[in-house]
Amino acid sequence: MELVDTHSHLYAEEFDADRAECLARARRSGVAELLLPAIDSESHERLFALAEAEPEFCRPMMGLHPTSVNDNPRWREELAEAERYLLSPPRGLRFCAVGEIGLDYYWSGDFKAEQREAFIAQCRLAARLDLPVAIHTRAAWDDMCDILEAETTRASELGERLRGVLHAFSEDAATYRRLRACGDFLFGIGGVATFKKSAVAAAVAEMEPEHIVLETDCPYLTPVPHRGERNESAYVSFVCDKVAELKGVAPERMAEITTANARRMFAAL
């Protein structure tokens, strides 16, 4: 069984003591690739170092996270730096996506305009470069849907395409259908789907398997049976098992489908 963890922060400080062991456990669990989303300049060096150390296993992204816009007078400089890296990748790296970008109003509603500006700019850059986006959304789903509807239309009118993954999708089936109507968007399903009374589990039951990719978002959102512990990429196998159960197919088949979905979307794989 071959899996892709489409959203892993294995370069984070939480893994400094046992990163090599985590990589080994991921491989033993059938993980063939890890996709590493960027956050901001404070973690770029860590991201680059892991991608350089594991070039066939760890694929980096580049972008500015929405919460890194909040209360940050330098956020436009950070955005410009991310664009420079995407236009001229450093150290022989190859970025597989523009991410992690998006909207997050959970912590503060004071920076909505700035987050929207940063997100739209990065969507337009991704469309111009023909790269997928990895989108973070929290407490901002109405704005997210409105922007994606407008930006996918704009890209199409320009002869470009905006596509990508709705990372950590945890909304209902109606939101899934609205986002799918925007165009080529997949849905990153992670540990939340394994929780009791998970709303996204009901949505997954309605999703087409060809619209799903698997992720951990480690070290966060740890799936059952390890909930309450630090998450790691090896645990994407538990997510695969749960999604397979919800869809009524064998885990091996769900792994095959979701890995093919990831490789289609992230053509650099």
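From a predicted model like this one, the values you see are computed outputs, not experimental measurements.
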Quiz: residues 105-113 side-chain donor-acceptor pairs under 3.5 angstrom, not counting sequence neighbours:
unit_1 : atom_1 : unit_2 : atom_2 : d
Tyr105 : OH     : Asp143 : OD2    : 2.7
Ser108 : OG     : Asp110 : N      : 3.1

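Annotation: side chain of Glu171 is not in contact with side chain of Val200 (no heavy-atom distance under 4.5 Å). The closest side-chain heavy-atom distance from Tyr11 to His9 is below 4.5 Å. Here the side chains of Ile101 and His136 are not in contact, with every heavy-atom distance at 4.5 Å or above. Side-chain atoms of Cys240 and Glu252, non-hydrogen and from C-beta on, never get closer than 4.5 Å to each other. A 4.5 Å side-chain heavy-atom check between Leu3 and Val239 finds every atom pair outside the cut-off. Side-chain contact between Phe238 and Pro225: present, with at least one pair of heavy atoms (C-beta onward) separated by less than 4.5 Å. Counting heavy atoms from C-beta on, the side chains of Val133 and Val165 never come closer than 4.5 Å. Contact of the Val213 side chain with the Ile189 side chain is not registered, since no non-hydrogen atoms from C-beta on lie closer than 4.5 Å.
One N or O on the side chain of Gln122 and one on the backbone of Ala118 form a donor-acceptor pair closer than 3.5 Å. Of the possible donor and acceptor atoms, none in the side chain of Thr152 sits under 3.5 Å from a partner among the backbone N and O of Gly183. The backbone N or O of Ala205 lies less than 3.5 Å from a partner atom in the side chain of Lys247, making a donor-acceptor pair. Side-chain atoms of Arg59 do not come within 3.5 Å of backbone N or O of Thr6 as any donor-acceptor pair. Not a single donor-acceptor pair under 3.5 Å links the side chain of Arg46 to the backbone N or O of Glu42. Although no hydrogens or angles enter the test, the distance criterion places a donor-acceptor pair under 3.5 Å between the side chain of Glu215 and the main chain of Ala168. Between the Asn231 side chain and the Tyr220 main chain, a donor and an acceptor come within less than 3.5 Å of each other. Side-chain atoms of Asp5 come within 3.5 Å of backbone atoms of Thr216 as a donor-acceptor pair (strictly under, hydrogens ignored). In this structure a side-chain-to-backbone donor-acceptor pair under 3.5 Å is missing from Arg161 to Asp130.
Looking at Arg25 and Asp18, a side-chain N of the basic residue comes within less than 4.0 Å of a carboxylate O on the acidic one, giving a salt bridge. Comment: Arg180 does not engage Glu208 in a salt bridge, judged by the lack of any side-chain N to carboxylate O separation of less than 4.0 angstrom. Between Glu2 and Arg263 there is a salt bridge, since a side-chain N of the basic residue sits under 4.0 Å from a carboxylate O of the acidic one. With salt bridges taken as basic N to acidic carboxylate O contacts below 4.0 Å, none links Glu114 and Arg76. Under a 4.0 Å N-O distance rule, the pair Glu45/Arg91 qualifies as a salt bridge. The pair Glu83-Arg128 meets the salt-bridge criterion, with a side-chain N (NZ, NE, NH1 or NH2) lying under 4.0 Å from an Asp/Glu carboxylate O. The residues Arg264 and Asp184 are annotated as salt-bridged, a charged nitrogen and a carboxylate oxygen being separated by less than 4.0 angstrom. Salt bridge present: Asp146 and Arg178 bring a charged side-chain N and a carboxylate O closer than 4.0 Å. The pair Glu149-Arg154 does not meet the salt-bridge criterion, since no charged nitrogen lies less than 4.0 angstrom from a carboxylate oxygen. Taking the charged nitrogens against the carboxylate oxygens, Glu206 and Arg177 do have a contact shorter than 4.0 Å, which makes a salt bridge.
The distance from atom CD of Glu100 to atom CD1 of Ile39, rounded to the nearest 0.5 Å, is 4.5 Å. Going from atom OG of Ser41 over to atom OH of Tyr85 covers 8.0 Å, rounded to the nearest 0.5 Å. Atom-to-atom distance recorded for Met62:CE and Arg94:CZ is 15.5 Å, nearest 0.5 angstrom. Rounding to the nearest 0.5 angstrom, the gap separating the CG atom in Asn72 from the CD atom in Glu77 is 8.5 Å. To the nearest 0.5 angstrom, Met144 atom CE is 9.5 Å from Arg116 atom CZ. Distance check, rounded to the nearest 0.5 Å: OG of Ser233 to NE2 of His7 gives 10.5 Å.
Between Val98 and Ala126, the shortest heavy-atom contact is CG2-CB, 3.6 Å. Contact record, Ala155 with Ala127: CB-CB, 4.2 Å, taken as the closest heavy-atom pair.
Judged by the 6.0 Å distance and 45° axis criteria, Arg163 is not positioned over the aromatic ring of Phe185.
Ile257 and Met265 end up in different hydrophobic clusters when Ile, Leu, Val, Met, Phe, Trp and Tyr side chains are linked at under 4.5 Å. Cluster annotation: Leu148 is not connected to Leu158 through the hydrophobic network of ILVMFWY side chains, with a link wherever side-chain heavy atoms come within less than 4.5 Å.
Using a 30° and 60° split on the angle between ring planes, Phe48 and His44 fall in the parallel class, below 30°. Using cut-offs of 30° and 60° on the angle between ring planes, the pair Trp141 and Phe169 is perpendicular.
In the hydrophobic clustering (ILVMFWY side chains linked at under 4.5 Å, chained through shared members), Val69 is joined by Leu64, Trp75, Leu79.
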Intermediate values then yes/no, side-chain contact (heavy atoms from CB on, under 4.5 Å), Leu50 and Leu36: CA-CA 9 Å; Leu50 180 54; Leu36 309 177; 3.8 Å; yes
Please assess Met61 against Cys96 for the test side-chain contact (heavy atoms from CB on, under 4.5 Å), listing each intermediate value before the final yes or no. CA-CA 5 Å; Met61 306 182 194; Cys96 66; 4.0 Å; yes
For a side-chain contact (heavy atoms from CB on, under 4.5 Å) check, start with the C-alpha distance between Leu186 and Ile212, then their side-chain angles and the critical distance, and finish with the verdict. CA-CA 6 Å; Leu186 305 180; Ile212 297 171; over 6 Å; no
Working note: Arg253 + Glu256, criterion salt bridge (Lys or Arg N to Asp or Glu O under 4.0 Å); need CA distance, chi angles, decisive distance, verdict. CA-CA 5 Å; Arg253 177 58 180 154; Glu256 180 183 6; 3.0 Å; yes
Could you walk me through whether Val31 and Val4 pass the side-chain contact (heavy atoms from CB on, under 4.5 Å) test, one step at a time? CA-CA 6 Å; Val31 179; Val4 175; over 6 Å; no
Do Glu229 and Arg227 pass the salt bridge (Lys or Arg N to Asp or Glu O under 4.0 Å) test, and can you show the C-alpha distance, the side-chain angles, and the key distance before you say yes or no? CA-CA 5 Å; Glu229 305 170 17; Arg227 191 175 183 185; over 6 Å; no
Would you please test Thr67 and Asp104 for side chain to side chain donor-acceptor pair (under 3.5 Å) and show each step? CA-CA 6 Å; Thr67 60; Asp104 189 323; 5.5 Å; no
Take Thr175 and Asp172 through the test side chain to side chain donor-acceptor pair (under 3.5 Å) and record every step on the way to the result. CA-CA 6 Å; Thr175 306; Asp172 59 17; 2.8 Å; yes
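Ring centers of His226 and Tyr235: under 6.0 Å apart, within the cut-off. In this structure, Phe266 has its ring center at least 6.0 angstrom away from the ring center of Phe95.
For the 3.5 Å distance criterion, the side chains of His211 and Tyr176 qualify, holding a donor opposite an acceptor.
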